Amino acid sequence: MTRLKENDVNPIAPNLAAYNDKLARMTGCSLGEIAARASGKQFDHLDKQNQSVAVIPMTCGEGIIEGFTESVASIITYLGIKAVITKSSDAGGVAEAVQRGADILFMADDDRFVAINIRKGMVSDNGEATGKGYVAGLECMCQGLKGKNVLLLGAGQVGSSAALALVRKGALVTVFDINIAASQELSSAIEKLGYCVQVETDLEGALARHQIFFDACPGESVIHLRHISKDTMIAAPGIPLGVQGIGVDKLLTDRLLHDPLQIGVATMLWDVL
Ligand code: PYL
């Protein structure tokens, strides 16, 4: 998992309304609606008023990312649920959150970013939530995925979650990972659940043959201008963005789903509400 930087997270809070408008223009859904769709919950049936969230800074490992907890809290508040950042960090922060009566805790160390509903004993992991959250967004953007070919780049935690969400929506999934064993493991795991994912070893050929890409790999320069047509749609949770090249972002203005935290955090929240 690529570690976010201050520059990735600092633009989030001040631009949430504009981000949500762009998301609605691209997908026809708001951030909350995409998260609810991803977590299989009714968007307007959620009891948001009586829930409170605490976001806890964690100093372990490589330590605090300036702006990270503030960004997480801003996304949750934007979605209509009170979120506070604890004054203490780590275990002290957890104790403070419980003493303040928080129902849901958000915290991230270098290995996992989790949301925990301490009343219901529910846990949501950012990797799993991000995968299915972006599939929900891609489904809205493509107006359905049933019978559509999707090239999945990356068979890690986000890619694996996305693969399952994609096949469950009827997409025809091909997976490429530089570690072929990871692709094969993912394909076998999905097969055990009664679905099929095709393993691809020829990246260039696969990029040339697909229009819908799910980029869940940390590579910086995977999808190039030559792979993009007027029908290209891309969901790219991977950090840094794997779509490079001059003018690509202009070419893909309303067909490239990418953010550092928003969809993942929103889906984690809906998962544990
Ligand atoms: C959750 C993000 C998504 C992509 N990479 C993941 C990452 O950067 N993880 C590290 C998060 C560390 C947060 C730090 C803090 O400020 O509390 N412990």
Side-chain angles (χ1 to χ4, degrees), residues 1-13 15-16 19 31 34-35 38-39 53-79 83-98 100 102 104-116 123-137 152-162 165 177 214-220 222 235-243 257-272:
M1 168 173 57
T2 310
R3 181 177 164 90
L4 290 172
K5 296 180 180 63
E6 205 175 321
N7 295 350
D8 294 319
V9 297
N10 280 337
I12 291 174
N15 297 300
L16 274 168
Y19 165 86
L31 178 59
I34 286 173
S39 60
V53 173
V55 185
I56 303 155
M58 305 297 281
T59 63
C60 44
E62 292 190 46
I64 297 288
I65 297 175
E66 276 314 306
F68 176 81
T69 48
E70 292 76 3
S71 301
V72 173
S74 71
I75 295 164
I76 296 164
T77 303
Y78 180 77
L79 290 168
V84 295
I85 299 166
T86 57
K87 292 179 180 59
S88 304
S89 63
D90 307 303
V94 173
E96 182 188 331
V98 172
R100 291 172 69 149
I104 296 168
L105 313 183
F106 274 72
M107 64 191 90
D109 59 24
D110 290 351
D111 302 313
R112 292 195 63 189
F113 174 24
V114 292
I116 302 168
V123 177
S124 178
D125 184 279
N126 177 259
E128 197 264 336
T130 299
K132 65 185 183 179
Y134 266 80
V135 167
L152 170 62
L153 301 170
Q157 190 193 14
V158 173
S160 300
S161 168
D177 190 295
F214 192 103
D215 178 11
C217 68
E220 275 207 42
V222 179
I239 296 279
L241 178 61
V243 190
L257 203 51
H258 174 71
D259 69 43
L261 272 178
Q262 293 90 319
I263 288 176
V265 167
T267 305
M268 290 166 78
L269 180 65
W270 255 250
D271 265 353
V272 298

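Just so you know, residue 1 is the first one in the sequence shown, and it goes up from there. When reading the values below, keep in mind they use all heavy atoms of this one structure, side chains included, and skip hydrogens, waters and symmetry mates. What you see is a predicted model, and the numbers here were worked out from it, not measured in a lab. Ligands are counted one by one from 1 in listed order, and the atoms in each one are counted from 1 as well.
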message: Using a 3.5 Å cut-off on N or O atoms only, is Leu4 in polar contact with ligand 1?
response: yes
message: Ser124: which residues meet the side chain to side chain donor-acceptor pair (under 3.5 Å) condition with it, sequence neighbours left out?
response: Asp271
- prompt: Should Met58 be counted as touching ligand 1, given the test is an N or O pair under 3.5 Å?
  reply: yes
message: Checking contacts here: is it the side chain or the backbone of Asp109 that comes within 4.0 Å of ligand 1, counting heavy atoms only? Could be both or neither.
response: backbone
statement: Note: ligand 1 atoms sitting under 4.0 Å from heavy atoms of Pro57 are 17 (O)
- request: Check for a donor-acceptor pair, side chain of Asp125 on one end and backbone N or O of Gly127 on the other, with a separation under 3.5 Å.
  value: yes
Distance-minimising heavy-atom pair for Arg3 and Ile64: NH2-O, 3.6 Å
field: ligand 1 N/O within reach of Thr2 N/O, cut-off under 3.5 Å
entry: yes
Ligand 1 to Ile65 polar contact by distance, N or O atoms, under 3.5 Å: yes
- prompt: Mind checking whether Gly63 has a heavy atom under 4.0 Å from ligand 1?
  reply: yes
query: Okay, side chain of His258, backbone of Pro237: is any donor-acceptor separation there less than 3.5 Å?
result: no
query: Counting distance only, does the side-chain N/O of Ser71 pair as donor-acceptor with the main-chain N or O of Val9 below 3.5 Å?
result: yes
Glu96 (side chain) donor-acceptor with Ser88 (main chain) under 3.5 angstrom: yes
- prompt: Can you check whether Phe113 has an N/O within less than 3.5 Å of an N/O in ligand 1?
  reply: no
